[in-house]
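Because only heavy atoms are used, hydrogens play no part in the values below, and waters and symmetry mates are left out as well, while side chains stay in. So that the names make sense, note that chain A is the first sequence line, chain B the second, and so on, each numbered from 1. What you see is a predicted model; the values in this text were computed from it and never measured.
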Amino acid sequence: MSATASTRQLKFVQALNEALDLCMTKDPRVFIIGLGAPDPAAIFASTKGLVEKYGPTRVLDMPVAENAITGVALGAALRGMRPVMTHIRLEFAMLTIDQIVNQAAKWHYMFGGQASVPLVIRMVVGRGWGQGAQHSQSLQSWFAHVPGLKVVMPATPHDAKGLLISAIEDNNPVVFIEHRWLYGIHGPVPEGVYRVPLGQPNVLRQGRHVTVVATSYMTLEAVRAADELAQEGIELEIVDVRTLNPFDETLVLESVRKTGKLIVADTGWRSVGFAAEVVARVTERCFGDLKAPPVRLTLPDVPTPTTRALSNYYYPLVHDITAAARRLAGRPAKPAPEIKPEAFLDVPDPSFTGPF
Amino acid sequence: MSATASTRQLKFVQALNEALDLCMTKDPRVFIIGLGAPDPAAIFASTKGLVEKYGPTRVLDMPVAENAITGVALGAALRGMRPVMTHIRLEFAMLTIDQIVNQAAKWHYMFGGQASVPLVIRMVVGRGWGQGAQHSQSLQSWFAHVPGLKVVMPATPHDAKGLLISAIEDNNPVVFIEHRWLYGIHGPVPEGVYRVPLGQPNVLRQGRHVTVVATSYMTLEAVRAADELAQEGIELEIVDVRTLNPFDETLVLESVRKTGKLIVADTGWRSVGFAAEVVARVTERCFGDLKAPPVRLTLPDVPTPTTRALSNYYYPLVHDITAAARRLAGRPAKPAPEIKPEAFLDVPDPSFTGPF
Amino acid sequence: MKNRQTPPDVARRMLHGIMRVRLIEERIRKLYAEQEMRCPTHFSIGQEAVAVGVCAHLKREELITSAHRSHAHYLAKGGDLKGMLAELYGKATGCAAGKGGSMHLIDRSVGFLGAVPIVGSTIPIGVGAALSSVLQGNPLLTVIFFGDAATEAGVFHESLNIAALHKLPVVMVCENNLYSVLSPLSVRKPEDREIVQLAQGHGVFNGQADGNDADAVYALAGEAIERARAGQGPAFLEFKTYRWYEHCGPLEDQHLGYRPPGELEAWKARDPLKLYAGRLRQHGIVSDADIAVMEKTIDAEIDEAVAFAKASPFPTRDQLATHLYAP
Amino acid sequence: MKNRQTPPDVARRMLHGIMRVRLIEERIRKLYAEQEMRCPTHFSIGQEAVAVGVCAHLKREELITSAHRSHAHYLAKGGDLKGMLAELYGKATGCAAGKGGSMHLIDRSVGFLGAVPIVGSTIPIGVGAALSSVLQGNPLLTVIFFGDAATEAGVFHESLNIAALHKLPVVMVCENNLYSVLSPLSVRKPEDREIVQLAQGHGVFNGQADGNDADAVYALAGEAIERARAGQGPAFLEFKTYRWYEHCGPLEDQHLGYRPPGELEAWKARDPLKLYAGRLRQHGIVSDADIAVMEKTIDAEIDEAVAFAKASPFPTRDQLATHLYAP
Ligand SMILES: Cc1ncc(C[n+]2csc(CCOP(=O)(O)OP(=O)(O)O)c2C)c(N)n1
Ligand SMILES: Cc1ncc(C[n+]2csc(CCOP(=O)(O)OP(=O)(O)O)c2C)c(N)n1
Ligand SMILES: [Mg+2]
Ligand SMILES: [Mg+2]
C-alpha cells in the first residue's frame, strides 16, 4: 500500500500528473485521450509535460465528440489498451452516459466475463468564480448507483496519486472524480509507484465523539472542522470515503459503533445522493449503536447559481460541520459566522492550501 | 383530485392512452414526439389511434437521434408547446442526459425564471423475456437526484391516467417512468379529465404493523404481500410513492410513526438508490419512532442477466416482502418458495393482471 | 473500381455461408415457438448476403462489431454456432455464459468483438478497436456493421470523423433495409438525400451496392477493405437489402401494414440465397448435388448444435453476481 | 447568388453594431480586472461582424440561440445591455437574475432564446423552436449560432437532419475561428475536408464567406434567410473569423504558443471593425465625424449600463431556492 513516510510535498495536481507519468512510463498500453489533453493548458496542468515526453499518439487531443471518444476508448480497452479519458468538466461526460453506463459498466458482465474494460474516465468538478449550473455538478452519486463502475474521489495529494495508479491498473471502468478546489492543496507524496487500493475508505483522523464520513473536498472541510473542534474537546473521527463504488462500509460501521453519531458530508446534492446511502447502511447495520439521527451535509437540491451572492449560501461550510458536531455531541451551539452576499467565497480560502 | 368512484375498468396502457388523447383534444399545444410514436405498434399501444385522430404533425415519428429530439422538444416547450416524448426503453434516454439534466432540468433556474419547460419524457422500463442488461434498467434514482426534474412512476391504471394528465399540464420537465409489467394490469379508471397531483404519495392500503414504501411495479407486489399477510393477522400499510422528485415524505413519516417498521421496495438498484433516500429521511425525521432497522428490497447491485436461470433470482419477489414483514413484525419465518432456474418468472404472473 | 470477379472457391464459400445463415435462422424461427429461447431476437433472413459478402474477405484475426441484428455477422465471421445457440437458450455454455442472449453475441476467438442493441453504440467501439491496433503498431482492419437507422445517430458522425481524421483501418457497413423498426426512411431523412452522401460529407471513401447480390457486396467490400488495409483510411459502404420478418421475433408481420403492398414480395423475388445459388449453378460453379450436400452438412451441424444447446446446463444461481467486476 | 449590396442605412447600422459590441467588450475587459464580474467570460472581439451581419436581417420576433461565446449575438439581436452587464456582475437585475452569468444570457423580448456553454446543446433547441413555430402554423425563422467545434458534436448532425427532413426555417451559423479552446482544426477534422462539406452531406443549402467582412456576411446570410423564410428549408453557413484574446477571459494569450507565429497579427490586420469603418468611409457612407458620434453615443450608453449594473442590488439569500420549479 502506501510507501514509507515521505516528506516531499506535492500539490494534488502534481500528484495526478506524476501518477500519469509513471503509469505511461511503466506500461506502454496506457494512453491519454480527451479534449485538450495535450494542449498548453493541459487539463489544469494535470497532463503537463506528457505530450512532450510521450508524443501525440499517447496523449491524444480530440474533436468535441465526447460520446464517440468514450466508445473509442472502450474499444481500445477491449483490445488491451489502458486509456485514461479526461473531461475538464464533469458535465461533458453527460453526453457519454450511454457509453459509460449502458456499455462500459456492463461489458464484462453481459458478455459473461469474456472481455474487460480497463478504462479510467477522469472528470473534474468545477466550483467557484461563477461556474454556474453547467460547470459545477458533482454527480458521483449517479455513477455510484451503477453496478460495474468503480467510482473514486481522492481528497489528498497522496491519495490522488495512489488511487489514480490503482485506477489505471484496474481492469474495470473507473470514474475518477477530481474536485477543482483540491488541485492547489499540497501534502506529502512519496516518490515512485505506489498504490492506494480501490474500495478502501481511510480513517483520516481518529476521534471518539462524532463520525464524519466525507467525500472529496468535504474531507478537507472536515479536517478544518476537526481542528476547530479539537480546541473545544470534541473529537471528530473522519472517514474519507475515497471509493464510492463499490463502497466498503466496514470502517464507517466500526466508527459509528464507537461514536454513535454520524455526519455525512458529500459534495453532491442531497436527495438520492451518496450521503443517503451512507445513512442507510449505517442505519441498517448499526441500528442499536446510533444515539442520534444522522446528519447529511450536502448541497441543497437546487442547481448551482452563478452569482456569488447566492453561491455563498450554496456550499456547506466548515461551520455547518462544526455546528452539527456540537449538536450531536450535546454541546451548546455557537453563532454562525455572518456571510455577506458580496463576500468572496467563490475562490478557495487562501489561508488553506494545505498541507493536508 | 380523483373523480368520483368509477367502476369502469381499464388497463394501465389504456389509461395512458386515454390521458394522451384527452390532453391532445383539450390543448392544441400538446404533441407527441419520439421513435415509433405513430407506428402500428404505437409504443406498446400506448399511443394507439392518436396519429389517426390528430395527424402526423401531432404524433411525430423521428430518426434515431434521441439526444437531438430531446433538445427539439425542449426548444418547442420553451415556445409554449407541450411535447410528450416517448422512449420505448429507458436506456435510450441515456443518450439524452445532457439535454435532460444539463439543459431541461436547469433552464428555468439558470435563466432566473424567464422561461419554463413543460416537457414530459415517457420512459418504459423493460422486464422479462431476456431483456437483459440494456433493456431493463430502472434508473429513477438518477432522475430523482436531479433538482429541477420531476419524476413520476405510476403504479395503478387510475394513477397512470391522472398523473400523466398532471405531468402534461405541469410547467416543468417531468420524467414519467412506466414499468412494462404494469401495462396489462387493470383497475378502475374514471372517464374524462382528472388529475392526480404530482408530488403526493398515496396510502394505498392502511395497516398497523409495517410500513411498506413502494415504487411502480413493487407497489403491486406489496399489495400481493399485504393480501397474503392479512390472513396471518399482519397488516401492511402501503405507501405508493408515485412522485419520486420532489419527494414528499409526510405520509411516510406519519405511517412509520404509527408502525415503527419500514420496508422500502423499489424497482431499481440498491446502492445510492431511491430506497436509500427513504431510509435516510425516515431515520433523520423519525429516529425515535423506528423500532427496528429499516429494510430495503431492491435489485442487487448487478446488471440484469438475460437468461431466466439468473433473472429468476434477480428481481425481488412477493416472498421477499412477506419475509421481511414477518421478521419486522416479530413473527416466525416461513420457508421461501423453491425457485427452479427453468421456471418462467420472466413473464408477468398470469394469475395477477388485476384488478389492482 | 477494378474488375472484381469473385473467385470460384470464394463463391462456393459464400453460397455456403448464405445458406448456412439462412438454415440456422430458419431453424431458430421454428424452435422459437417452443418458447425455450427467451430473449428478444432479431432475424437476418433476407439480408444474409451483406454479412457473408463482406466477411468473405476477412482474416480470422480481423475484427468486427455488430448491433441488435447480429446473427449473420457473427456466423459469417466464423462465430461458434454452439455458443450462439446455447446463448439463445440462456445456457451456461452460451458465448456470453447466458448473460447476453441474442442481442449480446461475442466470440473473441474469431475477432467478433461484440454486439449490443443500443443503435449506433458499437460504431465508436469498433473505431477504438482500430485505433488501438494503430497505437500498437500493428494496424488491424475493423469492420463495423449497422443498419440504416444508425446513420441518424450523432455518434455515427462523431466516429466517422475520428476514423477519417486518424485514417484508421475501418470499414463501416450499413445494411439499408429501408426500416427502423416499423418506421420507413421517409420519416427519418430527407427524401432526396442518400445515406451514402453523409460519408461524402465527411470526405470518406464510400460506395453503394445491391446488398442482395453477394458478388456485388464482395466486389465493393473488397475495394474498401484493400484501401483500409493499405492505410488509405476508412470507408463507408451502403448495401440496400430487406428484412423479411418482424423487426424483432420470428414471425411474418404483413398484418401491421407498414410495408407498401408488393414490397415484401418484390424483395423475396430477389432472395439473396436463391439469386446466388442460381447464378453459381448457371456458371457451373456448383451443381444441384453440391447444393444438396451443402444443405445436408449444414443441417447436421445445426442438429448437433441444437442438441448441444438444449442439453447444456443453465448457469447456477451463484453466477448471478459473478462477472460484475473483472479481476 | 443574387447581387446583394448592403443598403447604406443597413451598412451604417452594421458599423454601429460592430463598434458597439467591440466597445462593450473592451469595457468589460477593462472592468474584469476589478474582479467584480466573477464568472467565466468568453469574448467575441475579432468575430463581431458575423453576429452583426447575420442579425442585421432579423426581425425582433425572429429567434436566435447561442453558446458560450454569446455576447455579440445577444447584443446584435438587440438584447438589453443593462441586463447583460448586471448579469455579469451577478446582480438581481441581470437578464437571468444573476443565476446565469456570461454563459447563460437570455432576452426573450427580442427573441434571444438563450445561450449555454455545453458545446452543441443549443442546436437542437433552436431546431425545436423552429419546429414549434411550424406546428403552430406560424413559421418563424430561427438562427442558431455556434463555433467550429460544435460541428464535431453528434447532436449537430442529428439536428441538421431533423431540420432538413422537416424543411424547417432554420439557419445555422458556424463561426469558424480555427480553434476549440487551444486545439486547432488539424487535430479535430481531416485536413482536406471543409466544415461546410458536412452540410452538403446532409443535402442542406450551404455557403462559406469571410466572417471578418460584414458585407460578405450580410450577403450570404440574406440569401439563406430568405430561403428559410420562404419555406425552402434550412441552411448552414460557415464564416471564417478569428478570436483575438484568450479562449475564456479578457487577456492576451500569445505566451501559450498555440497560435502559429504571425497568425494573430494577420487577423488583426483584418480587424472587422477597421475594415468596415474604412470601407464605409471610403464609399462616403459615413464620415469621420459620424464615427466619432457613434463612439461617443455608445460610450455613454455603456457608462450608463455599467453604472446601472454596479448600483444594482445582489439577489438576496432567499433567492437561492426560487426558480427551481416553474409555477
Ligand atoms: C439508441 C436507440 N434508440 C432506439 C432503439 C430501438 N431500436 C431497436 S432496433 C431499432 C431499429 C434500428 O434500425 P436499423 O439500424 O435500420 O436496423 P434494422 O433493425 O433495420 O436492421 C430501434 C430504433 C435502440 N435500440 N437504440
Ligand atoms: C460538450 C462540451 N465539451 C467540451 C466543452 C469545453 N469547451 C468549452 S468551449 C469549447 C470550444 C468550443 O470551440 P468552438 O465551438 O469552436 O467555439 P469558440 O470557443 O472557438 O468560439 C470547449 C471544447 C464544452 N463546453 N462542451
Ligand atoms: Mg433498417
Ligand atoms: Mg472555434
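- Looking at B/Pro63, only its side chain comes within 4.5 Å of chain D, counting heavy atoms on both sides.
- Heavy atoms closer than 4.5 Å to chain D are found nowhere in B/Lys106, neither backbone nor side chain.
- Chosen from B/Thr70, B/Asp170, B/Leu149, the residue pairing most often with chain D at heavy-atom distances under 4.5 Å is B/Leu149.
- Counting heavy atoms from C-beta outward, D/Asp107 and B/Phe111 have side chains that stay 4.5 Å or more apart.
- Residues B/Gln99 and D/Ile125 form a side-chain contact, since some pair of their non-hydrogen atoms from C-beta on lies under 4.5 Å apart.
- With values rounded to the nearest 0.5 angstrom, B/Met81 atom CE is found 10.0 Å from D/Ser133 atom OG.
- Of residues 304-327 of chain D, those residues lying under 4.5 Å from chain B by any heavy-atom pair are D/Gln319, D/Leu320, D/Thr322, D/His323, D/Leu324, D/Tyr325, D/Ala326, D/Pro327.
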**Request:** Could you walk me through whether D/Gln136 and B/Arg79 pass side-chain contact (heavy atoms from CB on, under 4.5 Å), step by step?
**Result:** CA-CA 10 Å; D/Gln136 290 161 351; B/Arg79 295 200 61 257; 3.3 Å; yes
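- Ranked by heavy-atom pairs under 4.5 Å with chain D, the first of B/Asn102, B/Asp98, B/Thr57 is B/Asp98.
- With rounding to the nearest 0.5 Å, the separation of CG in B/Leu74 from OG in D/Ser121 is 9.5 Å.
- Proximity to chain B at a heavy-atom threshold of 4.5 Å picks out nothing from residues 69-79 of chain D.
- Residues of residues 92-105 of chain D lying under 4.5 angstrom from chain B, judged on non-hydrogen atoms, are D/Cys95, D/Ala96, D/Ala97, D/Lys99, D/Gly100, D/His104, D/Leu105 by number.
- Using a 4.5 Å cut-off between heavy atoms, B/Asn67 touches chain D through backbone and side chain atoms alike.
- Near-neighbour residues of residues 150-171 of chain D relative to chain B, defined by a heavy atom under 4.5 Å from a heavy atom of that chain, comprise D/Val155, D/Glu158, D/Ser159, D/Asn161, D/Ile162, D/Leu165, D/His166.
- The choice from D/Leu140, D/Leu131, D/Leu135 that makes the most heavy-atom pairs within less than 4.5 Å of chain B is D/Leu135.
- By the 6.0 Å contact criterion, CZ on D/Arg229 is enclosed, its count of non-hydrogen atoms from other residues, nucleotides or ligands being greater than 12.
- Note: B/Gly148 leads B/Pro118, B/Ala73, B/Ala115, B/Gly148 in heavy-atom pairs under 4.5 Å with chain D.
- When heavy atoms are compared at a cutoff of 4.5 Å, B/Pro246 approaches chain D by way of both its backbone and its side chain.
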